[in-house]
Each structure stands twice: as structure tokens, then as C-alpha cells.
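These notes are about the structure you will find just below.
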Amino acid sequence: MKTLREAFARVRNRPLILIFPAIATLLLCIIEQFNPFVEKYGSLKTLITLDYMENLAKFAQDVKASAATPGIMVTSIIVFILLISACASIFAVFFSGYAQVLYLSVLGYKPKKGDFKSGINRHFIKMSLLFIFFVLFTIIFIVLMAYTVVPAIMSIKIFFAGDSRIFFQMMLLIILTVMLLYFALVFYVMYWSFSVPGIIGFKRGGVLVALRMVNGYCWYLMPRATLFIFAIGISEVIMLALNYGRGSAGYAIFALFLNWIMKLAIIFPYINFVFSVFIEMKEDMFPSRQ
């Protein structure tokens, strides 16, 4: 609560601190809601009735079929990377400036003309590379996590098919899978979250230093990151329960507004928490660096 009060206090001097994430969150919500995947699967009922194993098998078959024509596959990958790079560069222009403004605000510096532009000049290239790698690694991460749950799902299917002898093996496998997914996800979120202020706070090697900070303070950071992930997950479940991928134009606007408000209420406090804690950790680990 203290961090949130301080964040709103800083907004009075620098309205951009709230305006930028509000606009960025709205754009992300628009992209999230109005795309073919959500139009097809944007319903909790639809997702529950899907055959998870069948869809994973179909995905693997599609990848295998694409690999049969390596020329087309390589071209598609190159085009995809170029598209991601272009989008990341556009986003980095604004986010590098915003991150600089937020960082200076948390440090207690008074607003000064040119802070936003200074952030772009100093951090644009590093921020662009960070976003490119973030998108690529996130895709790989999601695929790996999707296939990680396969053994647990298979054991559940075998158990409900009538083989009660594997009950304890099934429970152990489920617990191990949940623990693996939890720690993988929470550290993934923490690493990428603190990489952003790491770029702003250090001239060189900021991302690696941020990773060291996360490792050193992980038990303090994990509950907050867990709460953030849980809140985002709850907001997604609510939107899926409302069938936000379907409905009339009026309903779509209502769903978009609700999704935007929920996401902004979650993301804004978390961003401020990350930057505030990063500066505290930096002062603790590197007291001579200002």
C-alpha cells in the first residue's frame, strides 16, 4: 500500500507515469481481444471442452509438416522475427522514455524537460533488443510449459480410465508438475520485470545485474510476483467467463473497457513496485553507485 500511495503521489508531478501505462494497456487489451485466436477460443466453456492432448499433437504435426519444406519454414521465421523486431522497436521508443521518467521519479528527481527524450537516446537500442528477446523467449517458454504438463495429464487419463494403482504416482507427478510450473513462471516474470529498470539503472550489463538481484532477493520478491501473476490469471478467467471474444459490438466495447480497467489496476502498481524495489536493491548491493 505504501508503494501505491507513493506512486499516485508521483503522478501529480508526472502524469505520464499513469497516462503511458493506461494507453499501453489499452492497446494490449485491444490486441488481446480482437484477434482470430480469441474470437475462436475466447470462452471458458470452449476452452474447458477442448482436448488438450489432441491440440498439442496437432501443433506438433503442423511443425513437422512445416519442417518438410525448410525453405518456406526459414522464410516464415525470418519474416516473423523482422515483424517482431519492427514492433519491438516502435514499442521501445516509447517505453525507454517512460522507464527513464519513472526511474527518475522514484529517485525523487524533480520533473525536467527532456527526461523522456533522454531515455530514448540512452536506452532505445538496449530496450529494443530486450523486447525482441522477450517475445521470442516467451513463445519458447509457453511451448515448453505446454508440453511439460503432458505426463501429468496422461497419468490422470489413465487413472480415470480405471487403473487405480497409479493414484500415488499420479498425485506425485501432479505436485511436481505444479511446483515446476510455478517456479518457472514466477522466476520468468521476475527476471524480465527487473530487466527493464536494470537497463535504466546501469550503463552496461544491467540485465545481468538485475538477474543477480532477483536471485539475491527472490524470497522477498516471489510473494509479490505471485500475487501479480494470480491477479492477471483471475482477470483472464473473468474475461473468458464473460465470453469476451464473442458478442455484439456494444458487448465487445464493454468487455474491452472492463478488461482494460482490471489490467491497468494490476499492472500500474506492479510496475511501480518493480522500479521502487529495484532502486532499493541497487542501493543495498551497490551503495557507491548513484
Side-chain angles (χ1 to χ4, degrees), residues 28-88 91 131-167 169-189 191-192 229 232-233 235-237 239-247 252 255 259:
L28 291 175
C29 288
I30 291 173
I31 295 171
E32 174 191 341
Q33 183 170 335
F34 300 103
N35 67 78
F37 182 84
V38 172
E39 288 179 5
K40 185 175 181 180
Y41 300 108
S43 166
L44 196 59
K45 182 179 179 181
T46 301
L47 290 178
I48 291 174
T49 56
L50 281 178
D51 190 323
Y52 185 80
M53 298 299 296
E54 181 181 335
N55 280 274
L56 284 183
K58 185 177 182 301
F59 174 76
Q61 288 297 325
D62 291 341
V63 173
K64 183 179 179 181
S66 299
T69 53
I72 296 177
M73 186 176 186
V74 171
T75 302
S76 300
I77 292 174
I78 292 174
V79 170
F80 176 75
I81 292 176
L82 290 175
L83 179 62
I84 292 300
S85 300
C87 294
F91 192 69
F131 289 145
I132 291 170
F133 282 109
F134 170 72
V135 173
L136 296 178
F137 277 102
T138 297
I139 293 172
I140 296 172
F141 180 79
I142 291 173
V143 172
L144 290 176
M145 291 301 99
Y147 282 94
T148 297
V149 303
V150 169
I153 293 176
M154 291 299 297
S155 67
I156 293 172
K157 285 192 171 186
I158 293 172
F159 174 76
F160 282 102
D163 190 352
S164 59
R165 294 173 300 176
I166 68 162
F167 176 77
Q169 295 94 319
M170 177 191 71
M171 293 303 299
L172 179 61
L173 193 55
I174 290 173
I175 292 171
L176 291 175
T177 302
V178 170
M179 290 178 62
L180 174 62
L181 291 175
Y182 167 72
F183 282 104
L185 181 59
V186 76
F187 271 94
Y188 194 79
V189 169
Y191 283 149
W192 286 108
I229 295 169
I232 289 291
S235 70
E236 289 298 325
V237 171
M239 298 312 300
L240 288 170
L242 293 174
N243 299 331
Y244 78 127
R246 302 167 186 177
N259 194 22

Tell me, please, which residues at least two apart from [X] pass ring-ring contact (aromatic ring centres under 6.0 Å, His included).
{"X": "F137", "answer": "none"}
{"X": "F131", "answer": "F91, F95"}
{"X": "Y147", "answer": "none"}

Residue list, side chain to side chain contact (heavy atoms under 4.5 Å, CB included) with [X], at least two apart or on another chain:
{"X": "A241", "result": "L44"}
{"X": "A86", "result": "none"}
{"X": "V38", "result": "N35, Y244"}
{"X": "T75", "result": "V79"}

Rounded to the nearest 0.5 Å, how far apart are [atom1] of [X] and [atom2] of [Y]?
{"X": "L144", "Y": "I139", "atom1": "CG", "atom2": "CD1", "result": "12.0 Å"}
{"X": "I77", "Y": "L136", "atom1": "CD1", "atom2": "CG", "result": "10.5 Å"}
{"X": "I132", "Y": "L82", "atom1": "CD1", "atom2": "CG", "result": "9.5 Å"}
{"X": "I81", "Y": "S76", "atom1": "CD1", "atom2": "OG", "result": "11.0 Å"}
{"X": "Q169", "Y": "I174", "atom1": "CD", "atom2": "CD1", "result": "11.5 Å"}
{"X": "L180", "Y": "L173", "atom1": "CG", "atom2": "CG", "result": "10.5 Å"}

(message) Are more than 12 heavy atoms, taken from residues, nucleotides or ligands other than F133, located less than 6.0 Å from that residue's CZ atom?
(response)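 Atom CZ in F133 is not crowded, with 12 or fewer foreign heavy atoms closer than 6.0 Å.
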
(request) For residues 131-146, pull every pair meeting side chain to side chain donor-acceptor pair (under 3.5 Å), keeping only residues two or more places apart or in separate chains. (result)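 For residues 131-146, and leaving out neighbouring residues, the side chain to side chain donor-acceptor pair (under 3.5 Å) pairs sorted by first residue read T138-Y188.
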
(request) Enumerate the residue pairs fulfilling side chain to side chain donor-acceptor pair (under 3.5 Å) with a member in residues 174-186, sequence neighbours excluded, ordered by first and then second residue. (result)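 Checked against side chain to side chain donor-acceptor pair (under 3.5 Å) - neighbours excluded - the pairs reaching residues 174-186 are Y182-T226.
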
(request) May I have all residue pairs that pass salt bridge (Lys or Arg N to Asp or Glu O under 4.0 Å) and include part of residues 133-145, sequence neighbours excluded? (result)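 Not a single pair qualifies under salt bridge (Lys or Arg N to Asp or Glu O under 4.0 Å).
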
(message) Applying salt bridge (Lys or Arg N to Asp or Glu O under 4.0 Å) as the test, list every pair that has at least one member in residues 70-87; sequence neighbours left out.
(response)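 Counting only pairs at least two positions apart or across chains, no salt bridge (Lys or Arg N to Asp or Glu O under 4.0 Å) contact touches residues 70-87.
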
(message) Apply side chain to side chain contact (heavy atoms under 4.5 Å, CB included) to residues I142 and M145 and explain how you reach the verdict.
(response) CA-CA 5 Å; I142 291 173; M145 291 301 99; 5.9 Å; no

Show which side-chain atoms of residues 149-158 pair as donor or acceptor with protein atoms under 3.5 Å away, not counting sequence neighbours.
unit_1 : atom_1 : unit_2 : atom_2 : d
S155   : OG     : A152   : O      : 2.7

